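For reference, the structure is listed below as structure tokens.
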Amino acid sequence: MKRAGFVALIGEPNAGKSTLTNRMVGAKVSIVTHKVQTTRARIRGVAIEGESQIVFVDTPGLFRPRRRLDRAMVAAAWGGAADADIVVLMVEAHRGITEGVEAILEGLEEIAQGRKVALAINKIDMVKSEKLLGLAQDLNSRYDFVETFMISAEKGHGAEHLRAWLAAELPEGPWLYPEDQIADLPLRMIAAEMTREKLTLRLHQELPYQLTVETEKWEERKDGSARVDQLIYVMRDGHKGIVLGKGGETIKAVSTAARAELTEFLGRKVHLFLQVKVRPNWLEESERYSEMGLDFKDGNT
Ligand SMILES: Nc1nc2c(ncn2[C@@H]2O[C@H](COP(=O)(O)OP(=O)(O)OP(=O)(O)O)[C@@H](O)[C@H]2O)c(=O)[nH]1
Ligand SMILES: [Mg+2]
């Protein structure tokens, strides 16, 4: 019997939601870095398990938002949970029940309403197994999870078990996407995200949080290759200098890494052109939000 539905992965920034999404899908559809607040919008990745089509909804981390962008991100994350058939809360094994996790548990009470909520304790590769049972009990005493999983999204422990469980719990019904589709995200956005990942990995401190990347032009060439032009918006002249790097070496390295990844993803040659633009107010421009897949109005208040 065919089954299909949405599984939202929620949790604090850095919990491993995007890593798990990619593992479940079997391809990199969502960017991953060691820094917090990497994912900015909902990213849908599609996995098939037996007769079930599981649409994983990777969400931005939940934290106490300050900027308009932060508020829009957090709203997108809760929205993802509210629209899902099943919600999986991811908690980092070595960090345990932080203030952030407590705040999420409170929020869950409100949005869960009849939805199945499962717990996935992630990064079990980082702690002694004796610690896990206590953490699982503690979390289950605070919220009535339908099931608890111990996983390592990165190493793969427990991932198959979780996927099989999700596949069986989804409602019966026709599949939502064609069989060969792995992500529900325009290519131009995937490409922009790849570049943003490389920038985030190379740039320090606050800079990754003060830039955005957009694919401006996508041209299919007769020889089968693609020409992709992207804009990197930064807020200050000084930031532009840092993104470019001495003699342009930073932007060159970013471009090389992003192009390699996009080439592999598409399976054909890519010409990638990056341009940095200073735009002091981009965080307050609604068009930047729609390009990211966020709702500008969610950032109000
Ligand atoms: N050791 C270990 N590291 C992990 C595991 N899962 C994820 N990570 C690492 O944790 C960091 C954050 O992973 P992400 O998948 O980007 O986390 P996220 O929850 O999507 O983070 P945001 O998008 O910022 O909300 C990365 O450095 C991952 O490699 C795991 O099971 N074990
Ligand atoms: Mg993420």
Side-chain angles (χ1 to χ4, degrees), residues 1-12 15-32 39 41-62 76-93 104-105 108 111-125 132-133 135-136 139-140 143-185 190 265:
M1 198 157 338
K2 291 222 162 175
R3 293 176 182 275
F6 294 94
V7 175
L9 305 178
I10 67 165
E12 283 192 280
K17 302 175 292 296
S18 302
T19 305
L20 184 64
T21 301
N22 294 338
R23 173 166 291 281
M24 292 300 192
V25 170
K28 183 161 166 184
V29 296
S30 193
I31 64 171
V32 169
T39 306
R42 288 188 290 250
I43 312 277
R44 293 200 191 116
V46 189
I48 290 168
E49 169 93 15
E51 288 197 275
S52 297
Q53 187 175 57
I54 316 171
V55 184
F56 286 93
V57 185
D58 181 18
T59 66
L62 292 161
W78 281 121
D83 289 343
D85 297 288
I86 303 174
V87 176
V88 178
L89 171 65
M90 293 182 70
V91 173
E92 287 171 281
I104 295 171
L105 291 172
L108 262 178
I111 66 107
Q113 318 222 342
R115 225 160 259 108
K116 292 174 194 164
V117 183
L119 171 67
I121 299 180
N122 187 33
K123 309 196 184 184
I124 59 167
D125 55 292
L132 290 172
L133 198 60
L135 177 58
L139 281 159
N140 274 280
Y143 192 89
D144 193 14
F145 295 104
V146 291
E147 199 71 62
T148 298
F149 298 87
M150 313 276 192
I151 66 169
S152 169
E154 192 166 82
K155 313 271 189 255
H157 311 297
E160 306 235 315
H161 179 51
L162 171 58
R163 200 160 75 155
W165 181 81
L166 292 168
E169 291 292 322
L170 285 177
E172 284 170 22
W175 286 7
L176 303 160
Y177 292 95
E179 220 169 305
D180 55 357
Q181 188 167 345
I182 57 165
D184 183 3
L185 191 70
I190 293 180
F265 189 84

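Just so we're clear, the structure is a prediction, and the values are computed from it rather than from any experiment.
The heavy-atom pair separating P60 from A77 by the smallest distance is O-CB, 3.2 Å. Nearest heavy atom pair, residue A167 against residue S52, reads O-OG, 2.8 Å. Here the shortest heavy-atom pairing between G80 and A8 reads O-CB, 3.5 Å. Counting all heavy atoms, side chain and backbone alike, V25 lies closest to A47 at CA-CB, 4.3 Å. When every heavy atom of I151 is checked against every heavy atom of A120, the shortest pair comes out as CD1-CB, 4.1 Å. Minimum heavy-atom separation, F145 to L139: CE1-O, 3.6 Å.
At a threshold of 4.5 Å between non-hydrogen side-chain atoms, the residues I43 and I31 do not count as touching. When side chains are defined from C-beta on, V29 does not count as touching L185, because their heavy atoms never get closer than 4.5 Å. Between I48 and W175 there is a side-chain heavy-atom pair separated by less than 4.5 Å. Side chains of I104 and I10 form a contact here, defined as non-hydrogen atoms less than 4.5 Å apart. Side-chain contact check for L20 versus L162: some heavy-atom pair is nearer than 4.5 Å. Looking at L108 and L89, their side chains come closer than 4.5 Å, going by heavy atoms from C-beta outward. A heavy-atom distance below 4.5 Å is found between the side chains of L176 and F6. Between W165 and V88, the closest side-chain pair of non-hydrogen atoms is not below 4.5 Å.
Under the side-chain contact (heavy atoms from CB on, under 4.5 Å) criterion, H157 pairs with I124, S152, K155, not counting sequence neighbours. Contacts of A112 classified as side-chain contact (heavy atoms from CB on, under 4.5 Å), with partners at least two apart in sequence or in another chain: V117, Y143.
Between atom CG of residue L133 and atom OG1 of residue T148 there is a gap of 10.0 Å, rounded to the nearest 0.5 Å. With values rounded to the nearest 0.5 angstrom, T21 atom OG1 is found 4.5 Å from L9 atom CG. Separation of atoms CD1 (I86) and CZ (R115) is listed at 11.0 Å; rounding is to 0.5 Å. The CZ atom of F265 sits 4.0 Å away from the CD1 atom of I190 when rounded to the nearest 0.5 Å. Of the inter-residue distances, the one linking R23 atom CZ with K28 atom NZ reads 13.5 Å to the nearest 0.5 angstrom.
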Decide yes or no on side chain to side chain contact (heavy atoms under 4.5 Å, CB included) for N22 and V32, but give the supporting numbers first.
CA-CA 9 Å; N22 294 338; V32 169; 3.8 Å; yes
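In this model, a donor atom of one side chain and an acceptor atom of the other lie less than 3.5 Å apart for S18 and T39.
Distance alone, capped at 3.5 Å, is enough to place a donor-acceptor pair between the K116 side chain and the E169 backbone.
Checked against I121 for a side-chain contact (heavy atoms from CB on, under 4.5 Å), the options M150, M90, E92 give a single hit: M150.
Residue pairs meeting the salt bridge (Lys or Arg N to Asp or Glu O under 4.0 Å) criterion with at least one member in residues 42-59, sequence neighbours excluded, are R44-D184, E49-R163.
Counting non-hydrogen atoms of other residues, nucleotides and ligands closer than 6.0 Å to CD of Q181 gives a total above 12.
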